[in-house]
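Worksheet: one structure, shown below.
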Amino acid sequence: MSASAAVHLQGVGRRFGRRWILSSLDLTVQPGETLAIFGNNGTGKTTLLQILATLLSPTRGDITIFGHSLAREKNSIRRLTGYIGHAKQLYNHFTVDEYLELVFRLRHKTTEKMRTRVDQSLDTMGLTAHRQAIIETLSEGMKKRLTFCRLLLCDPRLILLDEPHPTLDAQGKMIFDRLMREWKQNGKTIFIASHEHDQTLAHADRVVIINEGKFTHEVRDRNKYVE
Amino acid sequence: MKKIVLIAIVTIAILFPIGYLIFGGLEKNMVYFVTPTELLAKGKSAIDVPVRLGGAVAEGSIAFKEGVITFKVTDNTNSMSVVTTRTPPEMFREGIGVVLEGRLKADGVFNAERLLVKHSNEYHPPKEGEMPHEVYKSLQKQK
Amino acid sequence: MLSDLITLIQKDFRLIIRSSVHLFSVVLFGVLLLLLFSFSMGGDIDLLRKSAAGLFWITVFFSSTFFLDQSLQYEQKDGRIEGLLLLGVDPKIYYVSKTFSNFLLLILVEFFLLFPLIVLFDVPFSWSMLTVLIMGSFGISALGTAYAGVTTSLVSGNVLLPLLLYPMLIPLLLAGVQATQLCITGDLFNERFMWYSLLAIFDVVFFVAAFLCAPFLFDKSS
Amino acid sequence: MFVVFSLIAILFFAFAQYWALAIAPPEKWMGDVYRILFVHVPAAWNALLMLSVSFVASILYLIKRKPFYDRLAASSSEVGVVLTGLTLMLGSIWGKPTWGVWWTWDPRLTTTAILFLLYMGYQILRRLIDDAEQRAKISAALGTMIFLNVPIVYFSVKWWRTLHQLQSSPQTVAPEMVLPLRLNAFAILGLALIFLWMRMRIARLESQKEEQ
């Protein structure tokens, strides 16, 4: 079962200093599923996503992503996942175009189709008009959209979104909803950690609630959660 | 497998240079100090260049005068007059090895800015009849 | 691998050109230090020439710490290093690229520092001095990049960087000062070769060691 | 077990020191001053031993990732730093009457001083990283590099300036002095092991507390 699963967690825990941010998580997510993670601040949502994105290693437990072990095949997992976190990871002295070209080159090790892919992603995120702008001069909402451009260029199978809503502007939110539908159609596996329950629930297949480093509730049917 | 090869190559790249440093005999080219003969051989080009001069203090050559010490340093072939205003350490005596830092002046006298005693690496109890305390005190008196 | 390396170095240079103010301030800082040293030593030109090599290398040390700290601080901010790793950049390659670009920029900074050295300390210029500088700078950036990668992610890291880095760089300092001194005063007993080989050994050992350690220093999850 | 070992080690230390201070003959040129050798030299040997242990433990941690090796590296480097500090102080005290200076830029002295600074930096670094795993990883990497630097520092300083007497081998030291020297080497090794043992226990308890 776990072999065919997109993400499989078993007894995953993570400690910072003396505190166990995540104590023991078990979870299986099937390919194409969209999982919403709710929970108060400091309950471990971000930590969980960072672990899945291979930014942190778990203190204990096993994780497999598309059949690759996180402990041993980190590089294969990095090629399959895309992550948008709180840090935007942008080089703010670059122009939008330069940055996306850098991303494309590092990800695909080639310049083939680079132009068309970059143009496409800019078009999708509504940033074509700003392609020559230095990133530093963009508004926060635009910068957030640029991180989505990066995600589109990477074309990952597993998408990890850590609170995507707050910094998105109105236009960004519209594009985001459209993107989510597109991704689901294309069979992407998506994790969203969020406080904006209504906007997230519209997309989620499943909701887990995390509290004190553990999953406390799991709701399969999103209508039930509303109740 | 690839990883092991990488680590092996790279470890050699660390161990080889360090091994070369330790066993490579680089020190053959090394000049801790030059002897009077070597310094004299350089002729005029050695004048006023900072060097370390080493050798033994020649027997009977030490003279104290108004805070200035003059003596001769010898390597058993050549000797060189030395002038210094520095206070020598307590072990300074005739026949002992010294290392001097300074410059050779045009008048052929070595001006030492620092005077170091090279004490031997041998540790022995005093021979019969020798009192270590007396020897030590006599050294202090010499000063 | 190689294409990543080239892309990353290009990226560094674009960054430096866009924010060249930083580089300029580092050069200015170095020039100021040399000026202060020569002031504080008084007008004795003999004394100045005698201590030129030591003071110059101290200046290089100070300015390079600022420079390395800035260079890696920028990467650490806003998760930029992590972003690169997630794109599939090998931390070892990242280390090599950063070392290399820091090295080239360090050479550039030192090149500008040579002028005040020659003017203020009345030191004759020689090409062998440049060789010493190149070998020394590579060692500084090889170790400095690795150390700055660690310290910039810590609280009070900018104090910690010189505290950890300078003692490590002592062989380089000694070899650099001695070799430079010999370039200035003349190499009476041909001792220079030894200092060159010491610099070379230092460079190779620490570049390779830091290369091997790079995943532990730059990638939190390895 | 530990108490018995500690008692034996401390008694042995007292015995070895008594031998060194009362039974061993005074030296020809240095008189009684040389007796500092019986602490100075064993402390230096054991300091280097402890730091080597720390180096090996660091490498093993990087390969095997067992927290035990991290604790060993931390503990042995701490004991090593204390012994290095002791060596420096005693060496300085010994240097004044024999060389005429408290301090000289001799290779072994300078290397020891640099080693002391390097490992002090290592200790500071260890205390600045909160996350246990990060701390172990980074300090293992830096610990390895620091130790690799020891021979390079030594040779650089040696070429830079040399004054220290050559390495004393038993052939140049009279036999009635070699014996107490060896006794003291083992006596101080015993003390170092007690420290290491206690420090390891503290480290283990600390990490247990962290895990709760």
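Being a predicted model, the structure only gives us computed values, none of them experimental. In what follows, chains are A, B, ... by sequence order, proteins preceding strands, each numbered from 1. Hydrogens, waters and symmetry mates play no part in the numbers below; they use all other heavy atoms, side chains included.
- Taking Asp130(D), Thr144(D), Ile114(D) one by one and counting their heavy-atom pairs under 4.5 Å with chain C, the maximum is reached by Ile114(D).
- Counting heavy-atom neighbours within 6.0 Å of Phe66(C) CZ, excluding the residue itself, gives a total of 12 or less.
- Few gaps surround CZ on Arg65(D); more than 12 heavy atoms of other groups in view lie less than 6.0 Å from it.
- Within the model, atoms CH2 of Trp195(C) and OG of Ser156(D) stand 6.5 Å from one another, a figure rounded to the nearest 0.5 Å.
- For Leu212(C), no part lies near chain D; criterion is any non-hydrogen pair under 4.5 Å.
- For the residue pair Asn149(D) and Pro167(C), the shortest heavy atom distance occurs at ND2-O, 4.3 Å.
- Within 6.0 Å of atom CZ in Phe125(C), more than 12 heavy atoms from other residues, nucleotides or ligands are found, so the atom counts as buried in its surroundings.
- The nearest pair of heavy atoms linking Leu164(C) to Leu118(D) is O-CD2, 4.4 Å.
- Other residues, nucleotides and ligands contribute only 12 or fewer heavy atoms inside 6.0 Å of the CZ atom of Phe195(D).
- In this structure, Leu163(C) and Leu125(D) have side chains that are not in contact, with every pair of non-hydrogen atoms separated by 4.5 Å or more.
- Other residues, nucleotides and ligands contribute over 12 non-hydrogen atoms within 6.0 Å of the OH atom of Tyr196(C).
- Looking at heavy atoms from C-beta onward, Ile152(D) lies in side-chain contact with Phe206(C) at the 4.5 angstrom threshold.
- Within 6.0 Å of CE in Met120(D) there are 12 or fewer heavy atoms belonging to other residues, nucleotides or ligands.
- Within a 6.0 Å radius of NZ in Lys92(C), more than 12 heavy atoms belonging to other residues, nucleotides or ligands are found.
- Residue Leu115(D) does not touch chain C at all, counting heavy-atom pairs closer than 4.5 Å.
- When atom types are taken as modelled, the side chain of Lys137(D) and the backbone of Lys220(C) share a donor-acceptor pair closer than 3.5 angstrom.
- Contacts between residues 51-61 of chain C and chain D, counted as heavy-atom pairs separated by less than 4.5 Å, involve no residue at all.
- Of the atoms belonging to Tyr166(C), not a single heavy atom falls under 4.5 Å from chain D.
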(request) For side chain to side chain contact (heavy atoms under 4.5 Å, CB included), just list the numbers for Leu62(D) and Phe216(C), CA-CA rounded to whole Å, side-chain angles, deciding distance to a tenth of an Å, and then say yes or no. (result) CA-CA 9 Å; Leu62(D) 290 182; Phe216(C) 312 117; 3.8 Å; yes
(message) Quick one, Tyr147(C) with Leu142(D), criterion side chain to side chain contact (heavy atoms under 4.5 Å, CB included). Give me CA distance, side-chain angles, the key distance, then yes/no.
(response) CA-CA 8 Å; Tyr147(C) 272 68; Leu142(D) 294 196; 3.9 Å; yes
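- Heavy-atom distances place both the backbone and the side chain of Ile146(D) under 4.5 Å from chain C.
- Taken to the nearest 0.5 Å, the CD1 atom of Ile138(D) stands 5.5 Å off from the OG atom of Ser153(C).
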